[in-house]
Amino acid sequence: MKNSEILELSTEELAARIGEERANLTKLKFAHAVSAIENPTRITKVRKDIARLNTELTKRKAASASEKN
């Protein structure tokens, strides 16, 4: 997921996407533990996507908090 795609999402969509990606990461980890998955670098990619989503969500929360003050 690119940063430009993340910026286009609304705050609610960001939160939903984080949940989806975390579920996806859990499934990938279980699949990798049972038997080797085809591309284990997908786990790293999903983790980084979650971090990007969380970063943008935190930025938006901080921006809205500073606007209120």
Side-chain angles (χ1 to χ4, degrees):
M1 173 171 263
K2 295 182 180 181
N3 284 333
S4 59
E5 294 172 357
I6 293 172
L7 294 174
E8 293 173 0
L9 298 175
S10 69
T11 305
E12 294 81 21
E13 290 173 331
L14 274 175
R17 190 67 186 255
I18 289 170
E20 292 171 8
E21 291 295 327
R22 283 186 177 160
N24 187 20
L25 179 62
T26 303
K27 288 178 186 177
L28 281 172
K29 284 182 176 181
F30 279 126
H32 189 59
V34 172
S35 64
I37 57 177
E38 186 175 316
N39 187 2
T41 58
R42 285 180 50 207
I43 294 172
T44 305
K45 183 181 181 311
V46 172
R47 283 180 40 225
K48 288 183 179 183
D49 285 344
I50 293 170
R52 285 186 192 102
L53 291 166
N54 278 325
T55 300
E56 182 60 29
L57 187 61
T58 303
K59 278 185 195 177
R60 291 184 186 184
K61 285 182 181 179
S64 67
S66 66
E67 287 176 2
K68 289 180 182 179
N69 292 332

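- Between R22 atom CZ and D49 atom CG the span is 13.0 Å, to the nearest 0.5 Å.
- Here the NZ atom belonging to K27 is positioned 14.5 Å from the CD1 atom belonging to I43, to the nearest 0.5 angstrom.
- Taking every heavy atom of both residues into account, I18 and L57 meet most closely at CD1-CD2, 3.8 Å.
- Here N24 contributes atom CG and K29 contributes atom NZ; the two are 11.5 Å apart, rounded to the nearest 0.5 Å.
- Note: the hydrophobic cluster containing L53 does not contain L25 (ILVMFWY, side chain heavy atoms under 4.5 Å, direct or indirect links).
- One finds a salt bridge joining R60 and E56 here, because a Lys/Arg side-chain nitrogen approaches an Asp/Glu carboxylate oxygen to under 4.0 Å.
- Looking at every heavy atom in both residues, E8 comes nearest to E13 through O-OE1, 4.5 Å.
- Note that CD1 of I50 and CZ of R47 are 9.0 Å apart. Values are rounded to the nearest 0.5 Å.
- In this structure, T44 OG1 and N39 CG are separated by 9.5 Å, a value rounded to the nearest 0.5 Å.
- Going from atom CG of L14 over to atom CZ of R52 covers 13.5 Å, rounded to the nearest 0.5 Å.
- Heavy atoms only, all atoms of each residue included: K45 and M1 are closest at NZ-N, 3.4 Å.
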